[in-house]
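Every number for a ligand or one of its atoms is a count from 1 in the order of the listing. Side-chain atoms are counted along with the backbone in the values below, which use heavy atoms only and exclude waters and symmetry mates.
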Amino acid sequence: MTTYAYGFPRIGKNREYKKLIEGYWKGEFSAEDLREGIAKLEEEILKAYKKQVNYYPTHEITVYDNMLDMAVMIGLYTPTDFNKYFNLCRGENALELTKWFNTNYHYLVPDFSGNNIQLKKNGYKSLLKKQPGQQKLPYLIGPFTLLKLSKGITTDNEFEKRLEEIANIYREIITEVESVHIEEPALVTDLKEREISLIEKTYNTIKKNTNCKIYLFTYYDSVDFLERLINLPVEAIGLDFVSNNKNLKEIERIGFPEDKILIAGIVNGRNVWKTDATSAINILNRLSKHTKNLWISNAAPLYHLPVTTEGESLENELRERLAFATEKLAELREIATFFDNQSIAEEKTENKKSEYSPPSEKSENLPSFSYTQRREIQKSIFNLPLFPSTTIGSFPQTPEVRKKRRQFKTGKISEDEYDKFIRDKIKELIKLQEEIGLDVLVHGEFERSDMVEFFAEKLNGIATTKKGWIISYGTRCYRPAIIHSDVSRSKAMTLNEITYAQSLTNKPVKGMLTGPITILAWSYIREDIPEAKVAYQLASALREEIEDLEKAGIKIVQIDEPAFREKAPIKRRNWEAYFRWAIGAFNSAAVSRPETQLHTHMCYSEFGEIIEYINRMHFDVISIEATRSRGDIIEAFERVEFDRQIGLGVWDIHSPVIPKIEEMKEIVNRALKVIPRENFWINPDCGLKTRQWEETIPSLKNLMQLVKKLREEH
Ligand code: GLN
Ligand code: ZN
């Protein structure tokens, strides 16, 4: 059995990737150092593949993002050196960042708008060093996925025209190589008939007059038009047999062309558990009845996993159950050997997960007070002015803060010293917020490394890693937690800092929690029970925390759910089922006395498509991103009856630019056309942890100037 792997993480065992690129940004490395360093990292990756598998793509490495590299390849952008390239990633001309399918990787969104340039081949990864012998299987994101995930194409005709242009460029590129690795994850999304025909047309164009072998991969879900996909003019097709059993069932129904290779994705690229060899072999045995050429691979790119479990000091029992990217490569080889020498009895059973019906979304948790009643009660307690102002929670995480935390974690300073440091930070921040005049204060989240990791460290049933970094975009990385057992809370998690902050002021301080769905979405989760059940376990721990906060006199609690939309399945037909349990879990956490004001926060720009779901969630106030997508949000509010309060972010905190009063006012004015002014809060888009103090203070001052103006006018 032949093995194939792709998507190995670029971050490096010790985050060499991050250090290299950020070092270049700081001027510590030259462009030549960067080229050399990247080439070395790529060599490491190729070595890792070579050790375990037969086939793997080359040129997967990028200095920031592969979607941008593809857009450069087709001549949409033409940066001629690293600085110009990085300018597109994070400078003045930075492209928008958006989540890559339902993962927590973010890609740069190519923008075709206002741009009639004729696309043309512009070199392939030309800023990087060419490695000898790398003419085999270069990595490409497929033309359809590239265009589908771009923005600025307004009509079907334009889409078709652009796709044809792009297909021609791809053809030019692949005629120069013997074989090519093409990833088309967009083929698993909901597609219209017109799009499917375009995909067929595109691959016919690409393949015309070339002998290049195409290895085409889909992943993250099943393909709805499999019968046509397997007849595309390509040599091999990679399918995902891990996400669900639809691809398997369909192959069993329609068969597979004799002259093509079926590459079965049977090792999970998105979760950290070792592969169950018996069920993998079972799938392979079933597939082998329908195809002569069966290979195996990972079922999604391996960059959703940390590099290796080596060097992790996890409990033995847990460690034995884990496989990160390096270990998954070894698994591919083992399963292949297993398959070739199999003595495993064929199992007929499906790889089944236990059934779980989550408690219904409303029922027991329905607030006994209506939102209007809660609002009246809260009004008399808080007595907030019109256009109440607040922030989303975090304040700048300066190098000083990160250093102290490191010192504490490595035992260089005592717990007392660390606590004192955090308290001083909180104290300064409370004072600052009072001076600036904000109405609802926060404690600043200085004690938190990351909004999920912080809770993961405190909850039972969740492990955190030392070096399990994965990239969320560019060079930015985080360490997902691993939920391995039943989740519960032994003691309060946030009480100390919040109550301390509250003791320093008469203004309300918000208690800050990360919601169950976000903890779930940004962690690896156990697979032996349904994820809905894990979500409910997390929710009940959070609900206990809210009770503790209430008892300690905290009057406002915010539950952050930035990943609420991201966690939704790729196919719309699966949305209702997901949102039912996701909303149910959120609501079973979001239970409070009517006197306690519940806030939630989401940083998602395409609000329209989920407004109905948001409307089913329990909260009194929601804050959301708005600076980048005003129109859409306003439209959404025109469609539903929304009787709660809302803070539309008026300051885009993803950019270092200090927002101008007039610009913010424009956003507010537009929103006030559909949202009653009594329901309107003023706040930034998201937490300020990635900002500098130099931008934060003047921006907040402008924000309060805006509030002052608004109050005068209304
Ligand atoms: N409270 C968090 C913060 O301010 C929310 C972050 C987020 O939505 N991603 O950082
Ligand atoms: Zn946010």
Side-chain angles (χ1 to χ4, degrees), residues 96-99 104-106 389-398 401-402 405 425-426 429 433 438 440-456 472-473 476-478 480-481 493-494 497-498 501 509-523 542 545-546 549 554 556-567 586 589-590 598-607 610 614 617 619 621-629 633 646-655 681 683-693 695-696 699-700 703:
E96 190 185 316
L97 270 175
T98 291
K99 293 194 179 185
N104 195 28
Y105 180 74
H106 299 63
S389 57
T390 189
T391 60
I392 305 305
S394 60
F395 270 76
Q397 285 259 339
T398 55
V401 173
R402 286 201 296 268
R405 187 164 41 242
K425 288 277 139 200
I426 294 175
L429 180 65
Q433 293 174 91
L438 287 150
V440 171
L441 313 192
V442 297
H443 77 290
E445 301 179 27
F446 301 110
E447 77 287 11
R448 304 184 187 182
S449 48
D450 165 280
M451 62 188 292
V452 169
E453 199 177 59
F454 175 79
F455 289 93
S472 65
Y473 62 86
R476 194 176 168 88
C477 46
Y478 71 110
M493 304 179 282
T494 63
E497 291 84 7
I498 309 284
V509 175
K510 287 194 272 193
M512 275 298 153
L513 304 176
T514 302
I517 305 306
T518 299
I519 296 182
L520 198 69
W522 294 349
S523 303
L542 291 165
E545 186 74 10
I546 296 178
L549 288 166
I554 300 303
I556 304 185
V557 177
Q558 177 171 311
I559 306 171
D560 291 324
E561 283 290 19
F564 207 72
R565 162 66 181 86
E566 161 197 322
K567 183 84 187 134
F586 179 89
L598 282 180
H599 289 222
T600 187
H601 165 73
M602 291 182 192
C603 26
Y604 180 63
S605 49
E606 273 146 73
F607 205 63
I610 54 168
I614 289 178
M617 295 166 71
F619 55 80
V621 183
I622 184 170
S623 60
I624 50 169
E625 178 173 320
T627 42
R628 294 192 185 194
S629 56
I633 288 175
I646 180 160
L648 279 189
V650 289
W651 158 22
D652 175 8
I653 64 89
H654 299 98
S655 134
W681 287 60
N683 48 257
D685 253 359
C686 193
L688 304 171
K689 63 169 170 259
T690 55
R691 296 270 57 84
Q692 314 275 322
W693 280 111
E695 304 138 17
T696 301
S699 299
L700 283 177
L703 193 128

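- Atom-to-atom distance recorded for Leu97:CG and Lys99:NZ is 10.5 Å, nearest 0.5 angstrom.
- Summary of contacts: the protein heavy atom closest to atom 7 (C) of ligand 1 is Cys686 SG, 3.5 Å.
- Shown here for Pro684 and Leu703, the closest heavy-atom pair between the two residues is N-CD1, 4.2 Å.
- In this structure, Leu542 and Ala589 approach most closely via the heavy-atom pair CB-CB, 4.1 Å.
- Applying the 4.0 Å criterion to heavy atoms of Gly687 picks out, from ligand 1, the atoms 3 (C), 4 (O), 10 (O).
- Less than 4.0 angstrom separates some heavy atom of Ile392 from each of these atoms of ligand 1: 1 (N), 4 (O).
- Smallest separation of non-hydrogen atoms from Leu513 and Phe455: CA-CZ, 3.7 Å.
- Less than 4.0 angstrom separates some heavy atom of Asp560 from each of these atoms of ligand 1: 1 (N), 2 (C), 5 (C).
- For Tyr478, the ring-ring contact (aromatic ring centres under 6.0 Å, His included) criterion is met by no residue, not counting sequence neighbours.
- Looking at every heavy atom in both residues, Ser449 comes nearest to Glu453 through OG-OE1, 2.8 Å.
- Of the listed options Ser394, Ala563, Pro684, Gly393, Ser394 places a heavy atom closest to atom 3 (C) of ligand 1.
- For the pair Gln558 and ligand 1, the shortest N or O to N or O distance does not fall below 3.5 Å.
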Side chain to side chain contact (heavy atoms under 4.5 Å, CB included) between Met602 and Arg565, intermediate numbers included: CA-CA 9 Å; Met602 291 182 192; Arg565 162 66 181 86; over 6 Å; no
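- Contacts with ligand 1 closer than 4.0 Å are made by no heavy atom of Met602, backbone or side chain.
- For ligand 1, the atoms closer than 4.0 angstrom to any heavy atom of Lys689 are 10 (O).
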Test log, rule side chain to side chain contact (heavy atoms under 4.5 Å, CB included), inputs Phe446 and Glu497: CA-CA 9 Å; Phe446 301 110; Glu497 291 84 7; over 6 Å; no
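- Closest to atom 6 (C) of ligand 1 among all protein heavy atoms lies Met451 SD, 3.5 Å.
- For the Zn ion (ligand 2), protein N/O/S neighbours under 2.8 Å (waters excluded) are His601 NE2, Cys603 SG, Cys686 SG.
- Close approach to Cys603 involves these atoms of ligand 1, each under 4.0 Å from a residue heavy atom: 7 (C), 8 (O), 9 (N).
- At least one donor-acceptor pair under 3.5 Å links the side chain of Gln433 to the backbone N or O of Val442.
- Listed here is the closest heavy atom pair of Ile426 and Ala501: CG2-CB, 3.6 Å.
- Of the polar atoms of Trp522, none of the N or O atoms is found under 3.5 Å from an N or O of ligand 1, judged by distance alone.
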Verdict with reasoning, His106 to Asn104, per side chain to side chain contact (heavy atoms under 4.5 Å, CB included): CA-CA 6 Å; His106 299 63; Asn104 195 28; 3.3 Å; yes
Derivation and outcome, side chain to side chain contact (heavy atoms under 4.5 Å, CB included), residues Ile646 and Ile624: CA-CA 8 Å; Ile646 180 160; Ile624 50 169; 3.9 Å; yes
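- No N or O atom of Pro562 sits closer than 3.5 Å to an N or O atom of ligand 1.
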